[in-house]
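Please read the structure below before turning to the comments.
The shown structure was predicted, so the numbers you read here are calculated from the model rather than taken from an experiment.
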Amino acid sequence: MRILLIHSDYLNYNVKNKTPVAEEIEDAKKQGAFDESLVVFTAVEKDDENNPQGIVKNLVKEVIKTNDQVKAENIVLYPYAHLSSSLSSPKVAVQVLKDAEEALNAEGLNVKRVPFGWYKAFEISCKGHPLSELSRTITAEEEEEEEVEKKPSSWSILDGDKIIDIDDFKFENDQLEKLVSYELGASDAGEPPHVKLMREKELCDYESASDVGNLKWFPKGRLVRDLLADYVYNLVVDQGAMPIETPIFYDLDNEAINVHAAKFGERQYRTDTKKNLMLRFACCFGAFRVMADPFITWKNLPAKLYELSTYSFRFEKKGEVVGLKRLRAFTMPDFHSFCADMNSTLEEFSKQTDMCIQTGVDLDVNYEIIFRATKDFYDENKDWMYSIGKKIGKPVLLEILPERKHYWSCKIDFAAIDYLGRPIENPTVQIDVESGKRFDITYLGEDGKEHYPTILHCSPTGSIERVICSLLEKTAIELDEKAPMLPTWLSPIEVRIITVGEDHKDFANELYDKINAENIRVDVDDRDESVGKKIRNAATEWIPYIFVVGDNEKESGVFSVTVRETGEKVDMTVDELIKEVLDKTKGMPYRGLPLPKDISTRINFQ
């Protein structure tokens, strides 16, 4: 069940027309007005049919708990189907609401229930305090299960093979200190600078005609995404990954998928269809089902599959969706390794940690790291964890969970820190000890018996959107130290040629042809504007190399190139410029210019 609790000054409603599933009501219930109310908008879901009394019990608990805080005079149960795309039968929904009404009345509360199955006009005034708007997912789980989730982890600093209490650790790295502060409960408020930058640089923007957390990408942003996707593809293929592609929809009536999806709770992004379908939150389902079909022996392991999900979906809370950092639809590189035993799993984990570290070097992004493990895993593999700590080469935050709550027993998370001091979750490696058995993935061991593999989940960069988020946030953090820019190989335009006048366009086009032939993204500012304005415009686009073409340059063949990274003007020939750009982008993927080469013909998307 999904509910939205609104502490309101008033709620007024009038029924308009019946739907085919409308309950019969008296005339008195065809309208209502309630002051000082806790309005509980409700959607009873298909899964709730398995244990409706458990749903009623936990709904009542949640309503009482919230009302103890807001002290409303009335409780109004308002059926609101729009909260879910997977609704229960009308019969079950009405009974759940009637039982909840009765149970809340029994607690001495003043409860009203708005009719089910009618089209209604309503007006509500929300009070606007911090507890006045709350969304919840109600399940039929017992209280004892919730208590397990509340057992605290222990936190410390792992510095090589040394464990240091956080209170005793002397932070020399303010970004690690910010990560620790956030993980231990610091607030998460304010809009990060990248939201403004992603629009200003014509990378992407919100799409108002879609769901929240779904973006539209402009040509420059699409290019950056594609280059990052190419980069990750090359990384994982070098590691022996086999690329695949799988569906984005999965049937929650499949038991294995349902159990795995339940780990994501209310973040499941469901669809309004006859089948109980969910949009994938990662590529796990597809990879697992691919590996469940073939005959596999120990000789095939470790077996590695890779998929770039365009897209993955998570139904994040509307108020938590922000820019490129937290979305409902995102692009996730998903790399799965199927290992024969724990020794080979740890060996692969170590290699993939190296790969994740390398992405920080290639992207020039600083990662702070959280190393997480269950106590049992830590006790059994302490020396190995220390070896990973030494490999990282700097202090990391260590979380030891008292017992396993998730499908993983150990994982490492790499996070860039944004301008506001909050982590941006980027690469991760996780040891999955559940899914092999759950999805019936088996291999024939050397002993002639069937075994379930251990599975490594790895995203070498994290979502592509969060990589871009990290890069933009980095420019905001370093603004006082240097000019903001993307790495040259990710810059939508690497070189700009600026013409002084009409007479220089032919020469500029000759230079364009020569530079473009070397797989460098170059364009020509051929507009009838002053050179000064053209230079300023190029600077706002963060173009790494800019040079002007006039009579002197045409005669000498030497150009004064503005190098954004250093802020210097350097005299170069076109061959020297080409060499410098190619040296700067060596080993990185290339794609062509995604825009018309002449700026005079371009569309401004923002």
Side-chain angles (χ1 to χ4, degrees), residues 1-15 22-45 47-84 87-118 120 122-147 149-150 265-266:
M1 168 185 265
R2 304 211 180 205
I3 64 172
L4 176 64
L5 301 111
I6 304 291
H7 188 202
S8 65
D9 293 310
Y10 62 83
L11 167 73
N12 300 326
Y13 80 87
N14 285 281
V15 301
E23 62 176 322
E24 295 300 325
I25 58 172
E26 302 172 351
D27 288 345
K29 279 206 164 190
K30 290 185 176 179
Q31 61 183 12
F34 313 105
D35 295 330
E36 298 298 326
S37 300
L38 177 62
V39 182
V40 186
F41 291 98
T42 64
V44 183
E45 297 185 294
D47 286 350
D48 302 335
E49 295 179 359
N50 297 326
N51 186 0
Q53 289 309 307
I55 294 295
V56 171
K57 179 181 175 182
N58 289 335
L59 170 62
V60 169
K61 283 183 183 178
E62 187 62 40
V63 171
I64 291 173
K65 175 184 171 184
T66 303
N67 199 53
D68 284 345
Q69 295 173 297
V70 302
K71 311 295 184 186
E73 294 177 9
N74 301 296
I75 307 294
V76 182
L77 298 177
Y78 197 117
Y80 199 66
H82 307 289
L83 292 175
S84 175
L87 298 173
S88 72
S89 69
K91 181 179 178 181
V92 170
V94 171
Q95 194 58 52
V96 165
L97 293 173
K98 285 181 176 180
D99 290 349
E101 178 184 20
E102 182 179 343
L104 288 166
N105 274 319
E107 295 290 335
L109 297 169
N110 186 23
V111 186
K112 303 294 181 184
R113 185 172 63 83
V114 175
F116 181 93
W118 291 77
K120 298 177 284 287
F122 72 90
E123 181 181 9
I124 190 169
S125 173
C126 178
K127 287 186 174 290
H129 57 72
L131 295 176
S132 61
E133 297 177 77
L134 300 171
S135 64
R136 296 286 185 265
T137 295
I138 305 298
T139 68
E141 293 176 356
E142 295 295 329
E143 186 70 25
E144 289 74 20
E145 294 178 6
E146 295 175 4
E147 289 300 318
E149 293 291 322
K150 294 178 182 178
E266 63 189 36

Verdict with supporting geometry, Ile3 and Ile138, side chain to side chain contact (heavy atoms under 4.5 Å, CB included) | CA-CA 7 Å; Ile3 64 172; Ile138 305 298; 4.0 Å; yes
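The line from OG of Ser135 to CD1 of Ile6 is 9.5 Å long, rounded to the nearest 0.5 Å. Leu87 contributes atom CG, which lies 11.0 Å from atom CE of Met1 (distance to the nearest 0.5 angstrom).
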Donor-acceptor contacts under 3.5 Å from residues 63-71 side chains, at least two apart:
| residue | atom | partner | partner atom | Å |
| --- | --- | --- | --- | --- |
| Thr66 | OG1 | Glu62 | O | 3.0 |
| Asn67 | OD1 | Ala72 | N | 3.0 |
| Lys71 | NZ | Asp68 | O | 2.8 |

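Partners of Glu24 by salt bridge (charged side-chain N to carboxylate O under 4.0 Å, His left out), not counting sequence neighbours, listed by chain and number: Lys18. Among residues two or more places apart in sequence or in another chain, the side-chain hydrogen bond (donor to acceptor under 3.5 Å, both in side chains) test is passed with Ser125 by Asp9. Shown here are the side chain to side chain contact (heavy atoms under 4.5 Å, CB included) partners of Lys112, two or more places apart in sequence or in another chain: Phe34, Asn110. Evaluation of the side chain to side chain contact (heavy atoms under 4.5 Å, CB included) rule for Glu101 yields Leu77, Asn105, Val111, Arg113 as partners, not counting sequence neighbours. Glu73 pairs by the side-chain hydrogen bond (donor to acceptor under 3.5 Å, both in side chains) definition with nothing, not counting sequence neighbours. Residues satisfying the side chain to side chain contact (heavy atoms under 4.5 Å, CB included) test with Ala93, not counting sequence neighbours, are Val44, Ser88, Phe116. Every residue two or more places apart in sequence or in another chain was checked for a side chain to side chain contact (heavy atoms under 4.5 Å, CB included) with Glu102, and none qualifies. Considering only residues two or more places apart in sequence or on other chains, Asp47 meets the salt bridge (charged side-chain N to carboxylate O under 4.0 Å, His left out) condition with Arg270. Scored by the side-chain hydrogen bond (donor to acceptor under 3.5 Å, both in side chains) test, Gln31 finds no partners at all (sequence neighbours excluded). Glu49 meets the side-chain hydrogen bond (donor to acceptor under 3.5 Å, both in side chains) test with no other residue; sequence neighbours excluded.
Identified under the ring pair (Phe, Tyr, Trp, His ring centres under 6.0 Å) test for residues 56-80, with sequence neighbours left out: Phe41-Tyr78, Phe41-Tyr80, Tyr78-Phe122, Tyr80-His82.
For Lys91 (side chain) and Ser89 (main-chain N/O), no donor-acceptor pair under 3.5 Å exists by modelled atom type.
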